[in-house]
Amino acid sequence: DIQMTQSPSTLSASVGDRVTITCRASQSITIYLAWYQLKPGKAPKLLIYDASTLQSGVPSRFSGSGSGTEFTLTISSLQPDDFATYYCQHYNSYYTFGQGTKLEIK
Amino acid sequence: QVQLQESGPGLVKASETLSLTCTVSGGSIRSYYWGWIRQPPGKRLEWIAYINYSGGITNYNPSLKSRVTISVDPSKSQFSLKLTSVTAADTAAYYCARRVTRGGYFDYWGQGSLVTVSS
């Protein structure tokens, strides 16, 4: 099984900050990686797929990069609506998710 | 706008079968794959299974395969999940989602349905 490890588990930041979340795969998944935003009581939202492709309708302050085993999600300037939990997911074979990164208001 | 809505009992007794249905609206169930993902309290998301719109293609998480059945009813724009012999470890928020045809990511999700397994 491919294991996905995110860091950090919790991130405290302020509105306007630039933040980066890292996701590492236990073996190469080429670019088969997606990022999601989860908020309590709401449907999860797809942000990025194929490691760096922005899903339609997602603000351009979100970006993804990486290939192989190391990937990043960057939010260029945090907005109040961005405080949530973020998960990476690989889809190289079966699908597994990272453990999540909770983005908190500092 | 595609919308998905999970429905089913919020409480299931241990050793019994968990059954959930997802109703798709605002778009066709055809030409896509449809899946279930769950999240136990305090744990990461876990993919359970997916099925194509005709039911001819299914894929299951190996760790759950022996207990899971996924099915689809295109005439009702619904797909369903059955998980047998549940235990407390199956307590989770269960999400239904649409999987894109090319690729394994999920572009539309339901809000989730919390299912608690009681002893």
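Order of the sequence lines fixes the chain letters, A, B, ..., with proteins taken first and strands second; residue numbering starts at 1 for each chain.
Ring geometry for B:Trp47 against A:Tyr95 counts as tilted: the plane angle lies between 30° and 60°, on a 0 to 90° scale. Ring geometry for B:Tyr105 versus A:Tyr49: interplanar angle under 30°, hence parallel rather than tilted (30 to 60°).
Using a 4.0 Å cut-off between a side-chain N of Lys or Arg and a carboxylate O of Asp or Glu, B:Arg99 and B:Asp107 do not qualify as a salt bridge.
The residue among A:Gly100, A:Ala34, A:Gly98 with the most heavy atom pairs within less than 4.5 Å of chain B is A:Gly98. When each of B:Ala93, B:Pro62, B:Ser63 is scored by its heavy-atom pairs under 4.5 Å with chain A, the top score falls to B:Pro62. Counting heavy-atom pairs under 4.5 Å between each of A:Leu38, A:Asn92, A:Thr85 and chain B puts A:Leu38 at the top. Highest contact tally toward chain A, considering only B:Val100, B:Asn59, B:Asn61, B:Leu4, is held by B:Asn59 [criterion: heavy-atom pairs under 4.5 Å].
Proximity of the aromatic rings of B:Tyr50 and B:Tyr33 is defined here by a centroid distance below 6.0 angstrom, and this criterion is met. Between A:Phe62 and A:Trp35, the ring centre distance reaches or exceeds 6.0 Å.
Side-chain contact of A:Thr20 with A:Thr74: a donor-acceptor pair under 3.5 Å is present, judged by distance alone.
Contacts of B:Leu114 with chain A are absent, with no heavy-atom separation under 4.5 Å from either backbone or side chain. Both the backbone and the side chain of A:Ala43 come within less than 4.5 Å of a heavy atom of chain B. Both the backbone and the side chain of A:Gln99 come within contact range of chain B, judged by heavy atoms closer than 4.5 Å. Using a 4.5 Å cut-off between heavy atoms, B:Gln3 does not touch chain A at all. Contacts between A:Tyr32 and chain B at a heavy-atom distance below 4.5 Å are absent for every atom of the residue. Interface remark: B:Tyr95 contributes side-chain atoms only to the contact with chain A (heavy atom separation under 4.5 Å). A:Leu33 does not touch chain B: none of its heavy atoms, backbone or side chain, sits under 4.5 Å away.
Taking the ring centre of B:Tyr53 as origin, the terminal cationic atom of B:Arg30 falls outside the region bounded by 6.0 Å and 45° from the ring axis.
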side-chain contact (heavy atoms from CB on, under 4.5 Å) assessment of B:Tyr94 paired with B:Leu81: CA-CA 10 Å; B:Tyr94 285 77; B:Leu81 173 74; 3.9 Å; yes
